[in-house]
Structures are given as structure tokens and as C-alpha cells.
Amino acid sequence: MILGFKTEIFGKPTNFVSKICLAYIFNKPANIQKIHTIRKGNRFKGGEKLHMATGVRTKHYEQFNLNIEGLQRCISVQDIKISWKEFPFFSTCIIEIDGKEIQDKSILAMNDGFTDTLNYEHFLKYFNTDFEGQIIHWTDYRY
């Protein structure tokens, strides 16, 4: 499966390629990492081959995991549901992974690469509507 990664969100660089590669090279949690990705739908399965790339569907297509064996397979997937609840003076985000609500949403955002130029607030802005999909894992980390 092709996994396309943006190089910019909200006018800010994502640095997703380096965050994915650095997390793989150092094989341990860090403040600047991307150890999974979140995708809409239900089409990924553990064991599938991954083609990680930028510039998907353009002449600038570049697969960046081609020679990195540890980044070429989907290890597993988890279901994710993001719901927004509206109240008179504020709204709140509820995130469920495999049917269980997670309390520390900032860890999910950090592990999805929303660090440095992008942060937790950008994560909430990016996922600003109800959403159902999958977390695609290429590491052993699970929620």
C-alpha cells in the first residue's frame, strides 16, 4: 500500500520523513518522532508491504522507505475514532482506540509526528471533525 505523507500542514513543515527515519534508526521514543500514521477508512492490514512516499500522484513522487527494511511492512493496525462534543462555551475531543477512550491525547499527537513546528493544537485542528479510521503501525508500539 502507498502511504503518502504531506511535507507541509497549515503552512508549516511537517518533517515527517525525517521523524519516521529517526525514530526507526534510534528505535526508541523521542520528542521528535513519527512512529505511526492515522488514515481514514479500514483498508490496511498487518503484514502488508508499505510504500512510504511524498509527492504522491505528482511528478515529485519520492518513496523514502525503499532501502529501509524495518519501514517496509505494516506491523499492525488499530481502529481509531475521533468525536467532537459541543457544549455551550467550548467543545472537546474524545479519542477512542480499539473502542477504549484514551486520556493523554498529546502522546498520540506526538507519536503521529505533531511535534516541533506542528504541535498538539495543530493535531486537533487537523482532525477537527468526527473521524473513523486506522492507526497504521510500523513499530511494536500500541495504545
Side-chain angles (χ1 to χ4, degrees), residues 1-57 61-143:
M1 281 267 188
I2 295 174
L3 278 178
F5 292 92
K6 296 178 183 287
T7 57
E8 195 174 282
I9 296 176
F10 306 124
K12 297 181 179 287
T14 62
N15 301 316
F16 284 165
V17 173
S18 61
K19 291 174 184 180
I20 290 167
C21 293
L22 286 173
Y24 171 73
I25 290 167
F26 292 111
N27 194 23
K28 62 181 180 178
N31 288 338
I32 300 176
Q33 65 185 3
K34 182 167 176 64
I35 61 170
H36 57 59
T37 193
I38 299 171
R39 299 301 156 112
K40 191 172 191 164
N42 186 355
R43 66 185 188 274
F44 288 90
K45 306 217 178 332
E48 288 184 320
K49 187 165 183 156
L50 297 176
H51 301 272
M52 297 179 178
T54 58
V56 175
R57 293 186 203 95
Y61 178 90
E62 184 177 345
Q63 184 179 343
F64 61 86
N65 70 326
L66 192 57
N67 296 314
I68 307 173
E69 188 175 324
L71 294 177
Q72 294 183 356
R73 292 250 174 243
C74 170
I75 303 297
S76 68
V77 297
Q78 290 185 283
D79 294 327
I80 184 169
K81 182 178 180 180
I82 301 173
S83 305
W84 285 90
K85 302 294 180 199
E86 300 294 326
F87 295 98
F89 301 106
F90 68 97
S91 61
T92 189
C93 175
I94 297 169
I95 300 177
E96 296 175 52
I97 299 175
D98 290 338
K100 297 176 186 166
E101 185 176 349
I102 63 167
Q103 300 305 311
D104 194 345
K105 299 176 208 76
S106 63
I107 290 178
L108 174 69
M110 181 186 74
N111 288 338
D112 201 46
F114 284 80
T115 57
D116 68 332
T117 57
L118 296 170
N119 58 37
Y120 177 62
E121 297 303 319
H122 291 109
F123 178 85
L124 292 177
K125 186 175 175 185
Y126 190 78
F127 291 100
N128 65 354
T129 60
D130 290 353
F131 175 92
E132 289 190 46
Q134 294 176 302
I135 302 172
I136 314 306
H137 293 280
W138 51 83
T139 71
D140 292 330
Y141 188 89
R142 298 297 168 276
Y143 295 95

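Numbers here simply count residues along the sequence, with the first being 1.
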Next on the checklist: I need the L124 CG to S106 OG distance, nearest 0.5 Å.
Outcome noted: 10.0 Å
Checklist entry - Taking atom CD1 of I82 and atom CZ of F123, what is their separation to the nearest 0.5 Å? => result 5.0 Å
Checklist entry - About how many Å separate OG1 of T92 and CD of E86, when rounded to the nearest 0.5 Å? => result 9.5 Å
Checklist entry - Charged N to carboxylate O under 4.0 angstrom, D116 versus K19? => result yes
Item to check | Heavy-atom closest pair, residues R73 and K49 | outcome: NH1-N, 3.2 Å
Checklist entry - Is the closest side-chain donor-acceptor distance between Q78 and D98 under 3.5 Å? => result yes
Next on the checklist: Could you measure the distance from the CD atom of E48 to the CZ atom of R43? Nearest 0.5 Å is fine.
Outcome noted: 9.5 Å
Checklist outcome for this item: dist T37:OG1 -> I136:CD1 (nearest 0.5 Å) comes out at 7.5 Å
Next on the checklist: Classify the ring geometry of F114 against Y126: parallel below 30°, tilted from 30° to 60°, perpendicular beyond 60°.
Outcome noted: tilted
Checklist entry - What are the two closest non-hydrogen atoms of L71 and I20, and how far apart are they? => result CD1-CG2, 3.7 Å
Checklist outcome for this item: Heavy atoms of K34 and W138 approach each other most closely as O-CZ2, 3.5 Å
Checklist outcome for this item: I94 and K85 have their tightest heavy-atom pair at CD1-CG, 3.6 Å
Checklist entry - Hey, what do you get for CE (M52) to CD1 (I2), rounding to the nearest 0.5 Å? => result 13.0 Å
Next on the checklist: Could you check whether atom OH of Y143 has more than 12 heavy atoms from other residues, nucleotides or ligands sitting under 6.0 Å from it?
Outcome noted: yes
Item to check | Test side-chain contact (heavy atoms from CB on, under 4.5 Å) applied to I80 and L108, step by step | outcome: CA-CA 11 Å; I80 184 169; L108 174 69; 3.9 Å; yes
Next on the checklist: Taking L66's backbone N and O only, do any of them form a donor-acceptor pair with Q72's side chain (distance below 3.5 Å, no angle check)?
Outcome noted: yes
Item to check | The single option from Q134, H36, K45, R142 passing side chain to side chain donor-acceptor pair (under 3.5 Å) against S76 | outcome: R142
Next on the checklist: I'd like to check F10 versus T117 (side-chain heavy atoms, cut-off strictly below 4.5 Å). Are they in contact?
Outcome noted: no
Checklist entry - If you look at every heavy atom in F131 and I38, which pair is closest and at what distance? => result CE2-CG2, 3.5 Å
Next on the checklist: Is the shortest side-chain heavy-atom distance between L50 and F44 below 4.5 Å?
Outcome noted: yes
Checklist entry - Got a donor-acceptor contact below 3.5 angstrom from the N65 side chain to the I68 backbone? => result no
Next on the checklist: Walk me through whether T14 and F5 qualify under side-chain contact (heavy atoms from CB on, under 4.5 Å).
Outcome noted: CA-CA 9 Å; T14 62; F5 292 92; over 6 Å; no
Checklist entry - Minimum heavy-atom separation for S83 to D130, with atom names? => result CA-OD1, 3.3 Å
Checklist entry - Is there a side-chain contact between I9 and K125 (heavy atoms, below 4.5 Å)? => result no
